[in-house]
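Worksheet: the structure to be examined is printed underneath.
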Amino acid sequence: MSAQVSPGARLAGRTAVVTGGCSGIGLATASRFADEGAFVVIGDLDETRGPEVAEKLGGRFVRCDVTDAEDVDAMFAAAHERTGRIDVAFNNAGISPPEDDSILTTDLDVWQRVQQVNLTSVYLCCRTVIPYMQEQGKGSIINTASFVAVMGAATSQISYTASKGGVLAMSRELGVQFAREGIRVNALCPGPVNTPLLEELFAADPERAARRLVHVPMGRFADPEEIAGAVAFLASDDSSFVTASQFLVDGGISGAYVTPL
């Protein structure tokens, strides 16, 4: 990770907020944003790792429970106070607990907890950041959905899947609603990624991992840095005509009928 700005960096002089920025896709993206020249504000619950990560990136850490409206307001206020603008919001925080399984076995409290973290948090972050972007007449919002938002799976995580479908639908609607105000909103739809979240899930059930891997045409899960590259594209002006999209970065899963041997 580096806070050094390379010549011609696409995000030079911009402020980017990343939720869930202490691990996985969020961490890789925060690092990529910094390398692209952005001032990065990381919102996360990890008060041990967060300040360390932010310091390495030359950014700022704000402790934030993304399900709490006051915390979300304070996070974006802190970002705006520091630089006077918010150019990019990567609303990425999410959970996938093992208790979230078939609809027949997933308890209501598990369903609600996943919805709060994965979907309600995106609503709160978008609701809070859009007025800042309206004021400056420009901004890019990237919300983390998933390839399961466009496909069904027999290895169900019912609340996770439903929450990501909600993120996709909400992102599409916001992308259309605010397009003429210079605000782009896109749903990032990653395939399976080698993150601590996925590793923990599959370590408990290797058969589930093997069953999923066979459906990936590339024959492997993504690295977080590969997803970060897609987010950086959506954050930059290179994607200036991309909004209300389901941006699939899934190794070909959603396009496959039979995968290579």
Side-chain angles (χ1 to χ4, degrees), residues 18-20 24-26 29 66-67 69 72 89-130 140-179 183-193 195 197-198 201-202 208-209 211-212 215-217 221-222 224 227 230-231 234 239 242-257:
V18 178
T19 64
I25 295 171
T29 301
V66 292
T67 69
V72 170
F90 181 36
N91 302 320
N92 168 72
I95 60 172
S96 181
E99 299 83 12
D100 180 16
D101 201 273
S102 165
I103 195 170
L104 301 177
T105 59
T106 301
D107 291 338
L108 180 60
D109 63 331
V110 175
W111 164 275
Q112 291 174 333
R113 178 159 56 94
V114 172
Q115 294 296 315
Q116 284 290 313
V117 177
N118 291 5
L119 180 56
T120 302
S121 72
V122 175
Y123 154 77
L124 291 173
C125 287
C126 289
R127 184 185 71 171
T128 303
V129 77
I130 285 172
S140 176
I141 298 171
I142 305 104
N143 298 322
T144 300
S146 170
F147 76 106
V148 300
V150 300
M151 300 182 70
T155 51
S156 182
Q157 300 159 266
I158 189 62
S159 189
Y160 181 89
T161 298
S163 71
K164 296 303 184 179
V167 169
L168 175 57
M170 178 165 52
S171 301
R172 183 187 302 118
E173 180 135 325
L174 296 177
V176 171
Q177 182 180 358
F178 296 101
I183 300 169
R184 297 185 296 108
V185 186
N186 291 289
L188 178 76
C189 297
V193 182
T195 64
L197 188 68
L198 193 76
L201 179 68
F202 286 165
R208 174 180 280 190
R211 187 174 180 185
R212 295 187 181 197
H215 295 287
V216 187
F221 296 149
I227 307 302
V231 184
L234 291 173
S239 60
V242 180
T243 196
S245 77
Q246 55 183 46
F247 202 84
L248 284 154
V249 190
D250 66 353
I253 296 173
S254 58
Y257 172 48

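Because the structure is a prediction, the values reported are computed rather than measured. Only this structure's heavy atoms are used, side chains among them; waters, hydrogens and symmetry mates stay out.
Environment of CD in Glu99: crowded, with over 12 heavy atoms of neighbouring residues, nucleotides or ligands closer than 6.0 Å. Open room surrounds OH on Tyr123; 12 or fewer heavy atoms of other groups in view lie less than 6.0 Å from it.
Going from atom CG of Leu248 over to atom CZ of Phe147 covers 10.0 Å, rounded to the nearest 0.5 Å. Atom OG in Ser171 sits 13.5 Å away from atom CZ in Phe247 (nearest 0.5 Å). Separation of atoms CG (Asp250) and CD1 (Ile227) is listed at 9.0 Å; rounding is to 0.5 Å. Taking CG of Leu124 as the reference point, atom CG of Leu119 lies at 9.5 Å (rounded to 0.5 Å). The structure places CD1 of Ile95 at 10.5 Å from OH of Tyr160, a figure rounded to the nearest 0.5 Å.
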Go through the steps for Ile130 and Ile141 under the test side chain to side chain contact (heavy atoms under 4.5 Å, CB included), then give the verdict. CA-CA 9 Å; Ile130 285 172; Ile141 298 171; 3.7 Å; yes
**Request:** Please report the C-alpha distance between Thr144 and Phe90 in whole Å, then the side-chain angles of each, then the deciding distance to 0.1 Å, and finally whether the side chain to side chain contact (heavy atoms under 4.5 Å, CB included) criterion is met.
**Result:** CA-CA 8 Å; Thr144 300; Phe90 181 36; 3.1 Å; yes
- Message: For a side chain to side chain contact (heavy atoms under 4.5 Å, CB included) check, start with the C-alpha distance between Val122 and Cys126, then their side-chain angles and the critical distance, and finish with the verdict.
- Response: CA-CA 6 Å; Val122 175; Cys126 289; 4.1 Å; yes
Under the side chain to side chain contact (heavy atoms under 4.5 Å, CB included) rule, what do Ile25 and Val193 come out as? Steps first, then yes or no, please. CA-CA 8 Å; Ile25 295 171; Val193 182; 4.0 Å; yes
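Considering all non-hydrogen atoms of both residues, Leu168 and Ala145 come closest at N-CB, 4.2 Å. Residue Arg184 comes nearest to Thr243 through the heavy atom pair CA-OG1, 3.3 Å, listed as atom of the first residue, atom of the second, then distance. A pairwise comparison of heavy atoms in Met151 and Ser254 identifies SD-CA, 3.5 Å as the closest pair. Contact record, Gly26 with Val18: O-CG1, 3.7 Å, taken as the closest heavy-atom pair. Minimum interatomic distance between Cys189 and Gln246 (heavy atoms only, all atoms of both residues): SG-CB, 4.1 Å. Here the closest non-hydrogen pair linking Val66 and Ala93 is CG2-CB, 4.0 Å.
Residues Ser156 and Ile103 form no side-chain contact, since every pair of their non-hydrogen atoms from C-beta on lies 4.5 Å or further apart. Put simply, the side chain of Ile158 does not reach to within 4.5 Å of the side chain of Ser102, judged on heavy atoms. In this structure, Ile183 and Val185 have side chains that are in contact, with non-hydrogen atoms separated by less than 4.5 Å.
Between the side chain of Thr161 and the backbone N or O of Gln157, at least one donor-acceptor pair lies under 3.5 Å. Using a distance-only test at 3.5 Å, with no hydrogens or angles considered, no donor-acceptor pair links the side chain of Asn91 to the main chain of Asn143. The backbone N or O of Leu234 sits less than 3.5 Å from a side-chain atom of Ser140, completing a donor-acceptor pair. Remark: side-chain polar atoms of Asp100 are paired, donor with acceptor, to backbone N or O of Ser159 under 3.5 angstrom. Using a distance-only test at 3.5 Å, with no hydrogens or angles considered, a donor-acceptor pair links the side chain of Thr106 to the main chain of Asp101. A donor-acceptor pair under 3.5 Å is absent between the side-chain atoms of Arg113 and the main chain of Leu108, judged by distance alone.
A donor-acceptor pair shorter than 3.5 Å cannot be found between the side chains of Asn92 and Thr19. Between the side chains of Gln116 and Ser121, no donor N or O sits under 3.5 Å from an acceptor N or O.
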